[in-house]
Amino acid sequence: MSVDVIIPTYHPGNKFRELVRRLGRQTVPYHKLIIINTEEAGFDAALLEGAANVTVRHISRAEFDHGATRNLGVSLSDAEYFLMMTDDAIPADMHLIERMLKALETDAGIAAVYARQLASRESSFDEQYARRFNYPEKSRVKSLEDLPELGIKTYFMSDVCCMYRRAVFRELGGFIRHTIFNEDMIFCAEAMRAGYKVMYCAEAQVIHAHHYSGIQQLHRNFDLGVSQADHPEVFKGIASEGEGIRLVKGNAVWLFRSGKIWLLPSLVWRSGCKFIGYQLGKHYRSLPRPLVRKLSMNVNYWQNA
């Protein structure tokens, strides 16, 4: 069994250095480490010091696309399985590859396995709760049959850390070639419609922390809304708002129980930014193109849209 690791990078820093270091100490070693880097001038090769069997391909910022860039990485791989990661996701221990591979091998009908994401002290308070909300302690295998129960969460998986079965990936044609966001969820939906399953493996863990401001959340959720508007074949008739409301309510209760009531105004502000961004994104076709570019986190996407 061979596993390649594929990581898109953009101005990677110390988190990437630690990611590479921990990948090199896994109980199951990777076969090849494939880096698809955006903008060569922002890449410090010293970050790869000590890494074995590395391939680096540089692209311009204008060439980056969430789907096409990852497909490029896969094209440089010949392993039976490949692990997609982002450059700021750090393996929590030395068993990440081992546990994800073991999960995939439990059932040939599983197309992909995604890992649990853990917050850190760097994470904002709302992200800390969101990590627990979206990545619980119990593993689960999901299929199209779970749609009535889970709704939009049926298709949820994340390329922050996700291992794919190459044969199924090839059969389904890979990631969508041009998308602003959600290439992972779109693939998940296609896999399930083809009769495959996806697994969430809580035992495989990465540390993945952000501290987005309210305005940054607005931009991010704008792109999320655009993605859903552009792919009604996946998202039509499956509302995301219900999950968002559950998340905010749960976060508010957690703040009360933690004695952090003073953070409630911040929660309202951040949640409002997320909701407004998402709704604007869903209706982006009604907005002037200059405003769309200002609202988006991925400005280059609109050059080819």
Do [X] and [Y] sit in one hydrophobic cluster, given that two such residues count as connected whenever their side-chain heavy atoms are within less than 4.5 Å of each other, even indirectly?
{"X": "Ile276", "Y": "Ile215", "value": "no"}
{"X": "Val141", "Y": "Tyr81", "value": "yes"}
{"X": "Phe222", "Y": "Met297", "value": "no"}
{"X": "Leu291", "Y": "Leu218", "value": "yes"}
{"X": "Tyr200", "Y": "Ile207", "value": "no"}

Query - Pair Thr86, Asp88: side-chain N/O donor-acceptor within cut-off below 3.5 Å - result: yes
| query | Looking only at side chains, do Glu171 and Tyr196 share a donor and an acceptor under 3.5 Å apart? | reply | yes
Heavy-atom side-chain proximity of [X] to [Y] below 4.5 angstrom:
{"X": "Asn182", "Y": "His66", "result": "no"}
{"X": "Met163", "Y": "Tyr114", "result": "no"}
{"X": "Cys201", "Y": "Arg116", "result": "no"}
{"X": "Ile97", "Y": "Tyr30", "result": "yes"}
{"X": "Phe187", "Y": "Met192", "result": "no"}
{"X": "Tyr10", "Y": "Glu39", "result": "yes"}
{"X": "Pro8", "Y": "Thr38", "result": "no"}
{"X": "Leu255", "Y": "Leu267", "result": "yes"}

Derivation and outcome, side chain to side chain contact (heavy atoms under 4.5 Å, CB included), residues Val3 and Leu101: CA-CA 8 Å; Val3 179; Leu101 188 59; 4.0 Å; yes
**Prompt:** Between Phe175 and Tyr164, does the ring centroid distance fall short of 6.0 Å?
**Reply:** yes
- Item | Centroid-centroid under 6.0 Å between Phe156 and Tyr135 rings | yes
At what distance, to the nearest 0.5 angstrom, does [atom1] of [X] lie from [atom2] of [Y]?
{"X": "Arg132", "Y": "Leu247", "atom1": "CZ", "atom2": "CG", "result": "11.0 Å"}
{"X": "Ile36", "Y": "Thr55", "atom1": "CD1", "atom2": "OG1", "result": "8.5 Å"}
{"X": "Lys153", "Y": "Met185", "atom1": "NZ", "atom2": "CE", "result": "9.5 Å"}
{"X": "Phe256", "Y": "Leu263", "atom1": "CZ", "atom2": "CG", "result": "11.5 Å"}
{"X": "Met85", "Y": "Cys162", "atom1": "CE", "atom2": "SG", "result": "11.0 Å"}
{"X": "Leu104", "Y": "Thr106", "atom1": "CG", "atom2": "OG1", "result": "7.5 Å"}

Quick one: does any side-chain atom of [X] pair with a main-chain N or O of [Y] as donor and acceptor, under 3.5 Å?
{"X": "Arg166", "Y": "Ala79", "answer": "yes"}
{"X": "Lys294", "Y": "Arg289", "answer": "no"}
{"X": "Gln128", "Y": "Ser123", "answer": "yes"}
{"X": "Thr9", "Y": "Pro12", "answer": "no"}
{"X": "Asp65", "Y": "Ala68", "answer": "yes"}
{"X": "Asp126", "Y": "Arg270", "answer": "no"}
{"X": "Glu63", "Y": "Ser60", "answer": "yes"}
{"X": "Glu18", "Y": "Asn14", "answer": "no"}
{"X": "Ser158", "Y": "Val160", "answer": "yes"}
{"X": "Asp184", "Y": "Asp159", "answer": "yes"}

Whether over 12 other heavy atoms sit under 6.0 Å from [X] [atom1]:
{"X": "Arg57", "atom1": "CZ", "value": "no"}
{"X": "Phe275", "atom1": "CZ", "value": "no"}
{"X": "Glu233", "atom1": "CD", "value": "yes"}

- Query: Is Glu122 paired with Lys15 through a side-chain N to carboxylate O contact shorter than 4.0 Å?
  - Reply: yes
| query | Are any of the side-chain nitrogens in Asp230 or Arg285 under 4.0 Å away from the carboxylate oxygens of its partner? | reply | yes
Shortest non-hydrogen contact from [X] to [Y]?
{"X": "His31", "Y": "Ser2", "answer": "CB-CB, 4.2 Å"}
{"X": "Pro232", "Y": "Ala229", "answer": "CD-O, 3.6 Å"}
{"X": "Ile110", "Y": "Ala103", "answer": "CD1-O, 3.8 Å"}
{"X": "Cys188", "Y": "Thr154", "answer": "SG-O, 4.0 Å"}
{"X": "Ala209", "Y": "Ser120", "answer": "CB-OG, 3.2 Å"}
{"X": "Asn71", "Y": "Phe169", "answer": "OD1-CZ, 3.5 Å"}

* **Test side chain to side chain contact (heavy atoms under 4.5 Å, CB included) applied to His95 and Gln26, step by step** => CA-CA 6 Å; His95 303 278; Gln26 292 292 300; 5.5 Å; no
Tested for side chain to side chain contact (heavy atoms under 4.5 Å, CB included) against Ile7, the lone hit among Asn37, Ile34, Leu83, Leu23 is Leu23
For this session: Apply ring-ring contact (aromatic ring centres under 6.0 Å, His included) to Tyr284 and Trp302, showing your working.
Result: CA-CA 12 Å; Tyr284 80 93; Trp302 301 100; 5.3 Å; yes
Worked verdict on Val226 versus Leu280 for side chain to side chain contact (heavy atoms under 4.5 Å, CB included): CA-CA 8 Å; Val226 169; Leu280 288 171; over 6 Å; no
Parallel, tilted or perpendicular, as decided by the 30° and 60° cut-offs, for the rings of His208 and His210: perpendicular
Residue set satisfying side-chain hydrogen bond (donor to acceptor under 3.5 Å, both in side chains) with Thr27, at least two apart, ordered chain then number -> Glu98
Hits for side-chain hydrogen bond (donor to acceptor under 3.5 Å, both in side chains) against Asp93, two or more places apart or cross-chain, chain-then-number order -> Arg99
Given the options Arg165, Lys197, Lys142, Asp107 meets salt bridge (charged side-chain N to carboxylate O under 4.0 Å, His left out) only with Lys197
Working for ring-ring contact (aromatic ring centres under 6.0 Å, His included), residues Tyr301 and His178: CA-CA 8 Å; Tyr301 171 82; His178 186 54; 4.6 Å; yes
**Study point:** Verdict with reasoning, Lys102 to Glu105, per salt bridge (charged side-chain N to carboxylate O under 4.0 Å, His left out)
**Key:** CA-CA 5 Å; Lys102 183 177 180 180; Glu105 291 178 338; over 6 Å; no
